[in-house]
Amino acid sequence: MVLDLYSGLYFHIGETEKKCFIEEIPDDTMVIGKYRTQLFDKQTNSFLPATPGLGMHVEIKDPDTKIILSRQYGSDGRFTFTSHTPGEHQICLHSNSSKLALFAGGKLRVHLDVQVGEHTNNYPEIAAKDKLSELQLRARQLLDQVEQIQKEQNYQRYREERFRMTSESTNQRVLWWSIAQTVILIVTGIWQMKHLKSFFEAKKLV
Amino acid sequence: MERLVLCVLSVFVSQEWFVVVAAFTQSLDSDFTFTLPAGRKECFYQTMKKDASLEIEYQVLDGAGLDVDFFISSPSGHLLFSDHRKSDGVHTVETEEGDYMFCFDNSFSTVSDKLIFFELILDNMDTDEDPDDWKEYAHGTDFLDMKLEDIMDTINNVKARLMKSVQIQTVLRAFEARDRNLQESNYDRVNFWSVVNLTVMMVVSALQVYLVRSLFEDKRRLRT
């Protein structure tokens with residue numbers, strides 16, 4: 001059963017380069033990331049499949065920029081985390097090559113696949129554990145999908161509320177600052193006039 | 001035996017990329033959000049099969065000007081689409097076999113980083129479906145096979161629509177993120193420039209008074 005699992009999206013990464021992706025997710029959501037690396041071989045002018053000794057360092061930060069996962073994986077890796085706070089999580093990858101010679105002048109090709117929420121469920125496992133028939137399994141999958149959509153909607157509602165608060169706060173500040181500036185201008189003008197008048201009077205010019 | 005199960009399970013977990021559960025839907029999608037530094041170009045590649053379709057939708061979520069260059073080229077190197085300084089775009093490509101390359105270019109900007117979101121929707125990716133795979137893992141028997149077909153069709157229908165909902169949600173989320181970033185930078189700008197304005201006013205008024213006074217000080221000395 002030879003399957004080309006990651007026949008999907010890939011990109012190139014330099015030796016010390018760090019590539020980061022942002023995932024905006026609701027809380028209590030599981031995220032599974034899988035990557036596969038290939039190294040460019042100058043001799044054959046193609047990308048070699050798996051290169052041992054070439055690892056990737058994965059670092060995941062939560063919305064408060066606190067690091068929730070920081071681990072070294074091999075040339076093929078799989079990382080998982082579950083969000084505890086809703087918001088923008090950052091997934092960063094950079095290569096940690098132990099053999100610099102391999103990299104010299106070459107590029108590393110990284111195939112990446114990130115799955116969020118309902119897509120992380122392992123249905124054969126669920127079928128086996130709960131002893132479901134095929135129909136039940138499909139219904140369960142639909143339920144999971146709908147649940148994920150609902151979670152996303154709730155998160156969006158919370159985000160929209162914060163957005164509205166920021167907008168209203170900005171509007172208010174613009175209004176108050178304008179009024180304050182006008183008042184200050186008038187007060188400063190009056191002060192200037194008064195001060196200069198008393199100054200000229202003191203100097204017996206008027 | 002265990003290796004076979006593991007192999008099969010790992011196929012299942014990557015269901016986005018290898019649709020073994022093909023009976024449900026053949027649409028695959030993935031989305032990514034990343035920061036494109038100023039003056040840089042980032043390229044991504046997607047392996048496609050013949051006669052599939054690739055839809056790419058991108059948006060600039062943050063970064064002064066909210067614009068980026070974008071182009072997509074076929075496996076043979078042909079430039080298929082090219083956008084110059086757009087803030088969002090959608091392109092659909094009927095694909096041939098090979099790796100398609102699409103790039104985001106922020107070279108025209110020297111200071112501002114762009115936050116870019118893109119979504120790939122792939123259709124008709126699998127040419128060899130196997131619709132009954134889940135039967136191997138499910139337990140029990142289903143009676144009334146003919147009714148079952150109808151139910152299965154409805155379920156597939158619902159699943160396809162739900163996936164569409166998820167895609168739309170993803171896009172809406174990107175729009176909201178962009179608007180939110182815009183608002184937050186407005187807020188910061190308002191605060192900053194108000195304080196600057198206030199300081200300038202104070203300084204200028206004090207300076208004016210001082211200058212006027214100093215003019216008259218000199219004259220006074222001249223008279224005596």
Side-chain angles (χ1 to χ4, degrees), chain A residues 1 3-12 19-24 32 34 113-115 119 122-125 127-128 131-139 141-142 145-146 148-149 152-153 156 159-160 162-163 166-167 169-170 173-174 177 181 184-185 188 191-192 195-196 199-200 203 205, chain B residues 4 7-18 21 30 32-35 42-47 115 120 134-135 137-142 148 151-152 155 158-159 162-163 165-166 169 172-173 176-177 179-180 183-184 186-187 190-191 194 197-198 201-202 205 208-209 212-213 216 220:
Chain A
M1 219 189 216
L3 297 158
D4 192 11
L5 291 178
Y6 308 104
S7 57
L9 189 83
Y10 64 85
F11 53 90
H12 295 136
K19 285 264 165 99
C20 292
F21 296 93
I22 296 170
E23 287 292 331
E24 194 176 345
I32 294 181
K34 292 188 289 288
D113 177 27
V114 176
Q115 292 173 42
H119 296 300
N122 189 346
Y123 286 100
E125 218 176 272
K131 297 195 175 32
L132 301 173
S133 71
E134 192 181 349
L135 200 60
Q136 284 173 317
L137 191 61
R138 289 182 190 228
Q141 202 259 344
L142 289 180
Q145 227 174 0
V146 170
Q148 185 65 26
I149 290 176
E152 184 79 40
Q153 273 189 322
Q156 277 304 103
R159 271 254 89 109
E160 194 269 339
R162 276 196 48 182
F163 175 66
T166 310
S167 293
S169 171
T170 306
R173 284 189 186 210
V174 167
W177 275 119
Q181 279 167 12
I184 286 170
L185 270 173
T188 311
W191 172 79
Q192 278 183 326
H195 182 86
L196 286 173
F199 172 69
F200 291 150
K203 300 284 182 186
L205 290 169
Chain B
L4 178 69
C7 200
V8 154
L9 278 178
S10 62
V11 164
F12 222 91
V13 167
S14 67
Q15 81 180 63
E16 284 289 280
W17 296 111
F18 205 88
V21 194
S30 62
F32 289 99
T33 311
F34 68 101
T35 305
E42 293 276 351
C43 291
F44 294 88
Y45 306 81
Q46 172 69 43
T47 312
L115 186 66
L120 281 172
W134 276 14
K135 279 214 164 81
Y137 319 115
H139 293 255
T141 50
D142 297 318
L148 192 64
I151 296 176
M152 286 301 183
I155 290 182
V158 172
K159 184 173 198 288
L162 284 177
M163 293 210 47
S165 299
V166 171
Q169 257 191 342
L172 287 176
R173 185 183 64 215
E176 194 274 336
D179 292 340
R180 182 179 7 111
Q183 261 298 17
E184 283 179 4
N186 280 349
Y187 177 84
V190 163
N191 281 345
S194 303
N197 207 342
L198 189 66
M201 273 197 306
M202 298 294 202
S205 66
Q208 279 176 334
V209 168
V212 170
R213 282 177 68 132
F216 287 97
R220 203 74 189 131

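Computed from heavy atoms alone, side chains included, the values below leave out hydrogens, waters and symmetry copies. Letters A, B, ... are given to chains in the order of the sequence lines, protein chains preceding strands, and every chain is numbered from 1.
Annotation: side chain of B:E184 is in contact with side chain of A:R162 (closest heavy-atom distance under 4.5 Å). Residues B:M201 and A:L185 meet the side-chain proximity criterion, which asks for heavy atoms closer than 4.5 Å. For the pair B:I155/A:L135, a side-chain contact is recorded, criterion being any heavy-atom separation below 4.5 Å from C-beta on. Residues B:S165 and A:Q145 form no side-chain contact, since every pair of their non-hydrogen atoms from C-beta on lies 4.5 Å or further apart. Annotation: side chain of B:R180 is not in contact with side chain of A:T166 (no heavy-atom distance under 4.5 Å). At a threshold of 4.5 Å between non-hydrogen side-chain atoms, the residues A:F199 and B:V209 do not count as touching. In this structure, the side chains of A:R138 and B:K159 stay at 4.5 Å or more apart for every pair of heavy atoms.
Of all the listed residues (A:E160, A:R159, A:E24), the one sharing the greatest number of non-hydrogen pairs under 4.5 Å with chain B is A:R159.
Within the model, atoms CD of A:E152 and CG of B:L172 stand 9.5 Å from one another, a figure rounded to the nearest 0.5 Å. Interatomic distance, CZ of A:F11 versus CZ of B:F34, reported as 10.0 Å (0.5 Å rounding). Atom CG of B:L162 sits about 11.5 Å away from atom CD of A:Q148, to the nearest 0.5 Å.
The heavy-atom pair separating B:Q183 from A:S167 by the smallest distance is NE2-OG, 2.7 Å. Here the closest heavy-atom approach between residue A:F163 and residue B:D179 is recorded as CE1-O, 3.3 Å.
If you measure heavy-atom distances from A:F21 to chain B, the contacts under 4.5 Å come from both the backbone and the side chain. Interface remark: A:I149 contributes backbone and side-chain atoms alike to the contact with chain B (heavy atom separation under 4.5 Å). With a threshold of 4.5 angstrom between heavy atoms, A:T188 approaches chain B through side-chain atoms but not through N, CA, C or O.
The backbone N or O of B:S205 sits less than 3.5 Å from a side-chain atom of A:Q192, completing a donor-acceptor pair.
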Residues A:L9, B:F32; criterion side chain to side chain contact (heavy atoms under 4.5 Å, CB included); working and verdict: CA-CA 10 Å; A:L9 189 83; B:F32 289 99; 3.3 Å; yes
